[in-house]
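These notes are about the structure you will find just below.
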Amino acid sequence: QVQLVESGGGLVQAGGSLRLSCTASGRTSRTYAMGWFRRAPGKEREFVATISRTGLDTNYADSVKGRFKISRDNAKNTVYLQMNSLKSEDTAVYYCAADTTPQPYSSSKSDYEHWGQGTQVTVSS
């Protein structure tokens, strides 16, 4: 099994920045495509960003494109989400997840088997 541990969430003013980290651990040394999702108050969990195993391919939700950037450091088993120009509507619990399917990456949460516990991001106005 794979365990995902997130860090970097917190309270930030609108227009500010945060960087989330997600570190994978477990018995397997397999590298996964990774994704970030979020669940805002009163809403369903939604796709934010994804990155392929090599880091060569990325994809973003329209709502965060140009503001967020996903990256990874496979030597550290860590995926990052740099969030800039944060808005109040970015307030949500953010989850990282590992895609265990053969595809390079996916924006569909059904393709992700392993999930982190979630980290709260609150953007104040």
Side-chain angles (χ1 to χ4, degrees):
Q1 291 292 319
V2 175
Q3 294 81 47
L4 304 176
V5 179
E6 299 147 322
S7 63
L11 176 65
V12 65
Q13 293 186 42
S17 299
L18 283 175
R19 188 181 72 164
L20 306 183
S21 299
C22 175
T23 299
S25 63
R27 293 184 177 181
T28 180
S29 60
R30 176 182 174 182
T31 300
Y32 300 91
M34 300 292 295
W36 287 96
F37 296 79
R38 68 186 182 186
R39 176 173 285 173
K43 296 183 178 180
E44 298 294 323
R45 183 173 51 185
E46 66 177 1
F47 167 75
V48 176
T50 186
I51 188 168
S52 64
R53 293 168 178 82
T54 63
L56 295 176
D57 298 301
T58 60
N59 193 27
Y60 299 90
D62 289 341
S63 59
V64 306
K65 188 176 181 180
R67 299 189 297 119
F68 291 10
K69 185 176 182 179
I70 188 171
S71 62
R72 67 189 302 159
D73 185 342
N74 287 346
K76 297 181 178 180
N77 297 314
T78 300
V79 178
Y80 305 95
L81 184 68
Q82 178 66 47
M83 305 185 294
N84 300 321
S85 301
L86 284 163
K87 307 174 182 179
S88 60
E89 51 262 45
D90 294 319
T91 295
V93 177
Y94 284 72
Y95 302 88
C96 66
D99 179 6
T100 58
T101 68
Q103 60 192 344
Y105 61 87
S106 175
S107 60
S108 175
K109 55 181 177 290
S110 64
D111 290 330
Y112 293 82
E113 180 178 350
H114 305 292
W115 294 82
Q117 78 288 344
T119 185
Q120 177 70 49
V121 172
T122 302
V123 183
S124 64
S125 59

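Treat the numbers as computed from the prediction; the structure is a model and nothing was measured.
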- Message: Taking Cys96's backbone N and O only, do any of them form a donor-acceptor pair with Glu6's side chain (distance below 3.5 Å, no angle check)?
- Response: yes

### Query
Are Leu81 and Val79 co-members of a hydrophobic cluster defined by side-chain heavy atoms under 4.5 Å apart?
yes

Under 3.5 Å donor-acceptor, Thr50 side chain and Met34 backbone: yes

### Query
Do Tyr60 and Lys69 pass the side-chain contact (heavy atoms from CB on, under 4.5 Å) test, and can you show the C-alpha distance, the side-chain angles, and the key distance before you say yes or no?
CA-CA 8 Å; Tyr60 299 90; Lys69 185 176 182 179; 3.6 Å; yes

Any sub-3.5 Å donor-acceptor pair from Arg72's side-chain atoms to Gly55's backbone N or O? no

By ring pair (Phe, Tyr, Trp, His ring centres under 6.0 Å), Tyr105 pairs with (sequence neighbours left out) none

Applying a strict under-4.5 Å side-chain criterion to I, L, V, M, F, W and Y, I'd like to know whether Tyr112 and Trp36 cluster together.
no

>> If we count only N and O atoms by modelled type, under 3.5 Å, do the side chains of Thr23 and Asn77 hold a donor and an acceptor together?
In response: no

SG (Cys22) and CH2 (Trp115) are apart, to the nearest 0.5 Å, by 11.0 Å

| said: Can you confirm whether more than 12 heavy atoms, excluding those of Glu44, are under 6.0 Å from its CD atom? | reply: no

Next item on the list: Say whether, by atom type as modelled, one donor and one acceptor occur between the side chain of Gln82 and the main chain of Arg19 under 3.5 angstrom.
Entry: no

(message) What I'd like to find out is whether the side chain of Arg38 reaches to under 4.5 Å of the side chain of Val64, using heavy atoms alone.
(response) yes

